[in-house]
Amino acid sequence: QKYAIDVQNATESELYGTLCSLVKSSYTPIWRQTWENYLQEDEKQAYYFSIEYLPGKLLKSNLLNMGWSDLVASAFKDLGLNLDQVAAVEPDMALGNGGLGRLAADFMDSLASGGYPVNGNGIRYKYGLFKQRFSNGYQIELPNEWLNTDVGNAWEIRRASKAVTVRIGGHVRLEPQGDYLKPVYEGATLIEAVPYDVGMVGYHNEHVNTLRLWSAEIPASEEIKYPTIEDRRQIEDITSVLYPDDSNENGRLLRLKQEYFFVSAGIQSIIRHYKKYGEPIEKISEKVAIHINDTHPAMCVAEFMRILLDEEHLPWETAWEQTVKTMSYTNHTIMAEALETWSIPMFNEVQPRILQIIAEIDHRFVAALADKYDGGLIERTRIISGGRVHMAHLAIIGSHSTNGVAQLHTDLLKSDVLHDFYTLYPDRFNNKTNGIAHRRWLQLANPRLSKVIDQKIGTAWRTDAKQLLQLADHRTDQELLKYLAQVKLANKTALAELIKQQTGVEVSPKAIFDVQIKRLHAYKRQLLNLLRIIKLYLDLKQNPDLEIVPRVFVFGAKAAPSYHYAKSIIKCINEVAQLINHDQTIQDKLKIIFLENYGVSLAEKIIPAADVSEQISTASKEASGTSNMKLMLNGALTVATLDGANVEIREHVGEDNI
């Protein structure tokens, strides 16, 4: 009915679109009911602000969570159709880059599956991160037109009626009005923020949360100001690309605009929704929680204050109390270069009123501490210093909770990176070790292994991952070990076929598959791995009959476009691969495969086939890591520095298993 053709004449894209419509129409009433339940039960709602989300493909995830997977797969088979081929036409949502975005997506899945009232807030990137291709061994960045495919984003719903206006630029003067100062904006650019909502379906629990993604558009009233395509792009580009190139001034300016745009749109939307129900604004923290995922949304603190002060006319003290009680913050790094700071002139160019509010927060912070702490500590912790705005400082001072993402990381924040803040606010610091959704990373990514587990310990583990611990009771079960080996070989055979198809290189599924998949970055030490491979190669050149188990080293990684060091490592890996993969004298004992365009869907194919998981970041640099968990969950042996979550994994699995 959707395309006015019968099944036999439908393309895979048309079959996909029809199935998505069916799935969406089935969970939409549940989605609506979830919101009504929140309101009836007067529940506090949390909003997770993240500049990245990496949900991957949603069709199979939604089928799994709704309990439809087996039914739809068998129905497709009866019709002579292949569900896997139909599902493959869905593009990965290009809304993230690495672990930060995947963590946010796994949170959305887990929170919906736990029935929690938590909604996501992010940006609807038209292109997202680039599509990676290799040319002569070099990384080439191409636009990722994920929304311009035959199927687009089948899961989103445009909600133009919920649009809000975001102001950027211009000037602000303060005029006395009664007992408060009224900000008067002059020359600001008005941007229409239009939300696109994506349903986050809970696992078998009749619960659907919302991931709200904002798109920048020109308001109808302002269209006359933008007569050309180039003019229009000044606005529309705000939500075009994830992480604009920050090696130049224009790129940095665009990134700061992005951050304010989605923060302002989200906060306005939340407060407007809260006020609909006649609740007093002075008690908003009793019903609303806002979480700042890394420093990109740190302006939530100042934007929340702006609305409470300028639009709700609350006294400063009341507005600040509500802000601190509402906000919480996750720190994701100990590396100083990743803790965002912005120059004051650039900040003033993007949002002068927010800068005024931050300056006042900073002034009051300093005044409150003046008689209690030494000047050095105050200077190190203030928000504005050295002509720059320190976003992590804003997030910590303006929230009631700061967490690290692994126990070691949190300990390092307390003892080193944020020690001064820990001195000021010891009660605000806590740890939340990152995690993964075993629905996607075992049930979806590795159905063969999932079936073997079902047969051995039953299916309760699918709703309660702790049940997987029962497998330890069967460690000497030879039949189970045989089945596990068969599963691993089948997964490796499937990956070998993909490798042949994408690279033309033949690898043996019986070789050890040694995997390093993550962002290409100096501290993640892909180069160290490469040096080790070269050492193996030289050993084989010296003695081609050396008795070693053949090894296939698999890399997947993107380097940031302006990160030339990382891009040169990609070239280096590809050149060494060219040398080794075509050297007949080493008798196929060594192969290097670098798969292009690493992302969620590619990870789902690589991870079930891995024998060895490389988690070798420079000790103390990896805040947590989550590929370590995904690879171990699928039966890979972890080779690791004692860093981030590796420390806690070792505590759980024992030293002999890592």
Side-chain angles (χ1 to χ4, degrees), residues 47 49 51 121-124 159-175 177 180-195 212-226 231-240 244 250 252-275 281 290 292 296-314 319 323 342-361 389 391 394 398:
Y47 299 87
F49 278 67
I51 205 162
N121 195 83
I123 295 175
R124 181 183 181 264
R159 299 204 190 275
S161 65
K162 306 284 187 189
V164 297
T165 301
V166 174
R167 284 194 194 96
I168 282 183
H171 306 279
V172 176
R173 55 189 170 81
L174 300 174
E175 287 185 353
Q177 187 159 331
Y180 74 96
L181 291 169
K182 180 186 176 186
V184 178
Y185 290 81
E186 293 169 338
T189 299
L190 303 183
I191 301 167
E192 186 161 36
V194 179
R212 176 159 284 183
L213 302 169
W214 296 96
S215 182
E217 299 184 10
I218 295 165
S221 60
E222 302 281 299
E223 276 194 317
I224 199 163
K225 295 180 182 176
Y226 304 95
D231 293 332
R232 295 186 70 88
R233 283 194 57 182
Q234 290 175 28
I235 304 301
E236 292 164 355
D237 278 359
I238 290 173
T239 52
S240 279
N250 285 341
R252 287 193 290 275
L253 188 64
L254 181 54
R255 189 182 292 199
L256 187 58
K257 285 178 181 177
Q258 281 185 338
E259 292 184 5
Y260 181 67
F261 170 78
F262 96 100
V263 159
S264 178
I267 300 273
Q268 286 187 62
S269 174
I270 290 163
I271 292 178
R272 181 175 65 182
H273 179 74
Y274 172 81
K275 287 179 67 181
I281 199 74
I290 291 170
I292 298 166
H296 316 104
M299 275 185 275
C300 281
V301 172
E303 177 68 6
F304 200 74
M305 283 292 288
R306 181 189 72 78
I307 295 174
L308 295 187
L309 293 169
D310 297 355
E311 297 178 15
E312 302 303 325
H313 311 311
L314 291 185
T323 299
W342 298 99
S343 74
I344 288 173
M346 184 178 285
F347 215 105
N348 193 55
E349 187 179 340
V350 171
Q351 231 305 339
R353 178 62 181 142
I354 292 299
L355 183 62
Q356 289 173 351
I357 289 168
I358 290 173
E360 183 65 18
I361 295 170
V389 182
M391 303 309 279
L394 175 64

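Side-chain atoms are counted along with the backbone in the values below, which use heavy atoms only and exclude waters and symmetry mates.
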Nearest non-hydrogen partners of Pro352 and Gly169, listed with the distance:
CD-O, 3.7 Å

Run the side-chain contact (heavy atoms from CB on, under 4.5 Å) test on Val263 and Glu259 for me, step by step, so that the C-alpha distance in whole Å, both residues' side-chain angles and the decisive distance to 0.1 Å come before the verdict.
CA-CA 6 Å; Val263 159; Glu259 292 184 5; 5.6 Å; no

Side-chain contact, heavy-atom cut-off 4.5 Å: Gln258 with Asp237?
no

Sub-4.5 Å side-chain heavy-atom contact between Val164 and Trp214:
yes

Could you tell me whether Arg159 atom CZ has more than 12 heavy atoms of other residues or ligands within 6.0 Å of it?
yes

Do Trp342 and Arg255 pass the side-chain contact (heavy atoms from CB on, under 4.5 Å) test, and can you show the C-alpha distance, the side-chain angles, and the key distance before you say yes or no?
CA-CA 11 Å; Trp342 298 99; Arg255 189 182 292 199; 4.2 Å; yes

Closest approach of Leu174 and Gln356, non-hydrogen atoms and distance?
CD2-OE1, 3.8 Å

Locate the shortest heavy-atom distance separating Ile281 from Glu312; write the atom from each residue and the value.
CG1-CG, 3.9 Å

Euclidean distance, Lys257 NZ relative to Ser264 OG, rounded to 0.5 Å
14.5 Å

When you look at Val166 and Phe262, which way does the side-chain contact (heavy atoms from CB on, under 4.5 Å) test go after all the steps?
CA-CA 9 Å; Val166 174; Phe262 96 100; over 6 Å; no

Side chain proximity check, Arg306 to Glu311, heavy atoms < 4.5 angstrom
yes

Under a 4.5 Å cut-off applied to non-hydrogen side-chain atoms, are Arg173 and Glu175 in contact?
yes

Looking only at heavy atoms, which two atoms of Ile191 and Ala216 are closest? And how far apart?
CG2-CB, 3.9 Å

Any non-hydrogen side-chain atom of Glu217 less than 4.5 Å from a side-chain atom of Glu236?
no

Evaluate Arg124 against Thr239 for side-chain contact (heavy atoms from CB on, under 4.5 Å), listing each step before the verdict.
CA-CA 6 Å; Arg124 181 183 181 264; Thr239 52; 5.8 Å; no

From Leu355 CG over to Met346 CE, what is the distance, rounded to the nearest 0.5 angstrom?
13.0 Å

Side-chain contact, heavy-atom cut-off 4.5 Å: Arg232 with Glu223?
yes

To the nearest 0.5 Å, how far apart are CG in Leu253 and CD in Glu349?
4.5 Å

Nearest-0.5 Å distance that lies between atom CG in Asn121 and atom CD1 in Ile270:
6.0 Å

Return yes when atom NE2 of His313 has more than 12 non-hydrogen atoms of other residues, nucleotides or ligands closer than 6.0 Å, and no otherwise.
yes

To the nearest 0.5 Å, how far apart are CD1 in Ile267 and CZ in Arg272?
13.5 Å

So which atom in Ile290 and which in Cys300 form the shortest heavy-atom distance, rounded to 0.1 Å?
CG2-SG, 4.1 Å

With a 4.5 Å heavy-atom cut-off, do Glu303 and Gln351 have their side chains touching?
no

Measure the spacing between NZ of Lys162 and NE2 of His273 and express it to the nearest 0.5 Å.
8.0 Å

Could you walk me through whether Arg212 and Ser269 pass side-chain hydrogen bond (donor to acceptor under 3.5 Å, both in side chains), step by step?
CA-CA 10 Å; Arg212 176 159 284 183; Ser269 174; 3.0 Å; yes

Both conditions, 6.0 Å and 45 degrees, for the charged tip of Arg353 above the ring of Tyr185: are they met here?
no

Can you confirm whether Thr323 sits close enough to Phe304 that some side-chain heavy atom of one is under 4.5 Å from a side-chain heavy atom of the other?
yes

Closest approach of Gln268 to Ile307 (non-hydrogen atoms, all atoms of both residues)
CG-CD1, 3.9 Å

